[in-house]
Amino acid sequence: MTPIVDLAEWRRLRDGLGDATVGFVPTMGALHDGHLALIRRSAAENDLTVVSVFVNATQFNSSADLAAYPRTLAEDVRLAAAAGADHVLAPSHAAVYPDGYRFRVTEREIAAVLEGAHRPGHFDGVLTVVLKLFNLVRPHRAYFGEKDYQQYLLVRGMVEALLLPVAVVPCPTVRDADGLALSSRNVRLSQAARAQAALLPAILGGAPSPEEARQRLVEAGFEVEYVAEAWGRRLAAVVIDGVRLIDNLPLPAGDEAQMTRRTECD
Ligand code: PAF
């Protein structure tokens, strides 16, 4: 399979797909088993699956982080095809942002807290590129991992708000055997930090309160950005070995108060 870079070529191909149902998995590449689970699910539920590989500069908060982001397109195409993708779309920054990012999508409530508070402008970049990719791919279903739970909620909200004809499908977080959520950033962890990182989901799930989780994470050597309960989940962002990790777990069923109340211990 050859990745499609040229948008005119992609549009011709998309116009020729007729009535086929199209599943879409947007990615920034560096594909891991979490992405592959999304691709497999899309391939099982749709006639055709499209994967985008686009390192979206507008959602990064630091140019160093953007520069350090792994770029492995040839391997991504191979893995996506093996998992059942029919097309990989890999457009250039100039093609996706002909306006130089003068136009953008902003959400003003969910995007202002937690990840949004710690990464100003991040969700503007995410929502803007997802809308552009939806317009290009015109998918029937789009697959998002629950590891980025706030992102999933915002994409779902944007689809409802802008009346977009796409079903947003949340997919469970894929974890390594020791519980660490798969992430393209994990490869940047030293061996010692990788072993320690598995304490993040263990503490997040095991502590009786977000305050206690924060304290245990600090004691375990993490720099804690936030631990919070919102939207029926307990969520956290930490830094270890200079690598920022996020995770979240569902709150036990029946903790209805947390479905609406947000508690945060920054
Ligand atoms: O989750 C990601 O990898 C990115 O935020 C996304 C959805 C591909 C947009 O760039």
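Quantities reported herein were computed from a predicted structural model and do not represent experimental measurements. Residue numbers start at 1 and run along the sequence shown.
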Enquirer: Given side chains that start at C-beta, do those of Pro139 and Phe134 come closer than 4.5 Å, heavy atoms only?
Expert: yes
Enquirer: At what distance, to the nearest 0.5 angstrom, does CG of Leu133 lie from OG1 of Thr128?
Expert: 10.5 Å
Enquirer: For the side chain of Trp10 and the backbone of Leu89, is there at least one donor-acceptor N/O pair under 3.5 Å apart?
Expert: no
Enquirer: Would you say Tyr149 and Ile246 make side-chain contact, with heavy atoms under 4.5 Å?
Expert: no
Enquirer: Going by heavy atoms in the side chains, are Cys171 and Arg40 under 4.5 Å from each other?
Expert: no
Enquirer: Please check if any side-chain donor atom of Thr49 sits under 3.5 Å from a side-chain acceptor atom of Asp86, or the reverse.
Expert: no
Enquirer: Is Leu154 linked to Val169 within one hydrophobic cluster, defined over Ile, Leu, Val, Met, Phe, Trp and Tyr using a side-chain heavy-atom separation of less than 4.5 Å?
Expert: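 No.
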Enquirer: Does atom CZ of Arg11 have more than 12 heavy-atom neighbours, drawn from other residues, nucleotides or ligands, at distances under 6.0 Å?
Expert: no
Enquirer: Roughly how far apart are Ile110 CD1 and Met158 CE, rounded to 0.5 Å?
Expert: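 It is 12.5 Å, given to the nearest 0.5 Å.
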Enquirer: Give me the atom names and distance for the closest heavy-atom approach of Arg234 to Ala207.
Expert: NH1-O, 2.7 Å
Enquirer: Give the intermediate values and the outcome of side chain to side chain contact (heavy atoms under 4.5 Å, CB included) for residues Arg194 and Leu180.
Expert: CA-CA 9 Å; Arg194 170 63 193 79; Leu180 180 65; 3.5 Å; yes
Enquirer: About how many Å separate OH of Tyr97 and CZ of Phe103, when rounded to the nearest 0.5 Å?
Expert: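 Rounded to the nearest 0.5 Å, the CZ-OH separation comes out at 14.0 Å.
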Enquirer: State, with a plain yes or no, whether a side-chain heavy atom of Arg138 is found less than 4.5 Å away from one of Val22.
Expert: no
Enquirer: Would you name the heavy atoms of Arg175 and Gly179 that are closest together and state the gap between them?
Expert: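 Distance-wise, the nearest heavy atoms are NH1-O, 2.8 Å.
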Enquirer: Is there side-chain contact between Leu127 and Leu131, with heavy atoms separated by less than 4.5 Å?
Expert: no
Enquirer: Determine whether a donor-acceptor pair (N or O, by modelled atom type, separation under 3.5 Å) exists between the side chain of Tyr69 and the backbone of Gly29.
Expert: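 Here the side-chain-to-backbone pair does not exist.
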Enquirer: Under 3.5 Å, is there a donor-acceptor pair between the side chain of Arg14 and the main chain of Val137?
Expert: yes
Enquirer: Please state whether the rings of His93 and Phe54 are parallel, tilted or perpendicular, taking 30° and 60° as the class boundaries.
Expert: parallel
Enquirer: Strictly distance-based, threshold 3.5 Å: is any side-chain N or O of Gln150 a donor or acceptor partner for the main-chain N or O of Val113?
Expert: yes
Enquirer: Ignoring hydrogens and angles, state whether a donor on the side chain of Glu219 or Gln215 is under 3.5 Å from an acceptor on the partner side chain.
Expert: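 Yes, Gln215 and Glu219 have a side-chain donor paired with an acceptor closer than 3.5 Å.
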Enquirer: Measure across Ala197 and Leu245 and return the closest heavy-atom pair with its distance rounded to 0.1 Å.
Expert: CB-CD1, 3.9 Å
Enquirer: Are any of the side-chain nitrogens in Arg78 or Glu75 under 4.0 Å away from the carboxylate oxygens of its partner?
Expert: yes
Enquirer: Applying a strict under-4.5 Å side-chain criterion to I, L, V, M, F, W and Y, I'd like to know whether Val77 and Val5 cluster together.
Expert: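 In one cluster: no.
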Enquirer: I need the minimum non-hydrogen distance between Ala80 and Leu31, along with the two atoms involved.
Expert: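 For Ala80 versus Leu31, the nearest heavy atoms are CB-CD1, 4.0 Å.
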Enquirer: Out of curiosity, does Val174 fall in the hydrophobic cluster containing Val51 (side-chain heavy atoms, cut-off under 4.5 Å, transitive links)?
Expert: no
Enquirer: Consider only side-chain heavy atoms of I, L, V, M, F, W and Y, link residues closer than 4.5 Å, and tell whether Val129 and Leu162 are in one cluster.
Expert: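 Hydrophobic grouping puts Val129 with Leu162.
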Enquirer: Can you see whether Phe123 has Arg119 sitting over its ring - NZ or CZ less than 6.0 Å from the centre and within 45° of the normal?
Expert: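 Cation-pi check for Arg119 and Phe123: fails.
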Enquirer: Got a donor-acceptor contact below 3.5 angstrom from the Glu107 side chain to the Glu109 backbone?
Expert: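 At least one qualifying donor-acceptor pair exists.
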Enquirer: Of all the heavy-atom pairs spanning Ala85 and Ile39, show the shortest one and how long it is.
Expert: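 For Ala85 and Ile39, the tightest heavy-atom pair comes out as N-CG2, 3.7 Å.
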Enquirer: Using modelled atom types only, decide if a donor and an acceptor are shared between the side chain of Arg104 and the backbone of Thr58 within a distance under 3.5 Å.
Expert: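 No, Arg104 side chain to Thr58 backbone: no donor-acceptor pair under 3.5 Å.
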Enquirer: Is there a path of hydrophobic side-chain contacts, each under 4.5 Å between heavy atoms of I, L, V, M, F, W or Y residues, that connects Leu79 with Phe24?
Expert: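 In one cluster with Leu79: Phe24, no.
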Enquirer: Just by modelled atom types, is the His140 backbone N or O under 3.5 Å from a matching donor or acceptor in the Asn46 side chain?
Expert: no
Enquirer: Is the backbone N or O of Glu146 less than 3.5 Å from a side-chain atom of Asn248, with the two atoms forming a donor-acceptor pair by type?
Expert: yes
Enquirer: Quick one: CG on Leu217 to CZ on Phe222, what's the gap to the nearest 0.5 Å?
Expert: 6.0 Å
Enquirer: To the nearest 0.5 Å, tell me how far Gln59 CD sits from Glu115 CD.
Expert: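 Separation between the atoms: 11.0 Å.
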Enquirer: Heavy-atom distance under 4.5 Å between the side chains of Leu48 and Leu17, does that happen here?
Expert: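 Result yes, sub-4.5 Å side-chain heavy-atom pair found.
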Enquirer: When you measure from the side chain of Asp76 to the backbone N and O of Met28, does any donor-acceptor pair fall under 3.5 Å?
Expert: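 No, the answer is negative, given that no donor and acceptor are paired below the 3.5 Å cut-off.
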Enquirer: So which atom in Val227 and which in Ala236 form the shortest heavy-atom distance, rounded to 0.1 Å?
Expert: CG2-CB, 4.2 Å
Enquirer: Using 0.5 Å steps for rounding, measure from the OG atom of Ser183 to the CG atom of Asp247.
Expert: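 Answer for the OG-CG pair, Ser183 versus Asp247, is 10.0 Å.
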Enquirer: Whether the side chain of Gln196 engages the backbone of Ala220 through a donor-acceptor N/O pair (distance < 3.5 Å, no angle test) should be reported.
Expert: yes
Enquirer: Determine whether Arg185 and Asp65 make a side-chain contact, defined as any pair of heavy atoms from C-beta on separated by less than 4.5 Å.
Expert: yes
Enquirer: Quick check: do Pro26 and Phe144 have side-chain heavy atoms less than 4.5 Å from each other?
Expert: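 Yes - at least one pair of side-chain heavy atoms lies under 4.5 Å apart.
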Enquirer: The test is side chain to side chain contact (heavy atoms under 4.5 Å, CB included); show your working for Arg141 and Ser42 and say whether it passes.
Expert: CA-CA 8 Å; Arg141 298 185 187 87; Ser42 172; over 6 Å; no
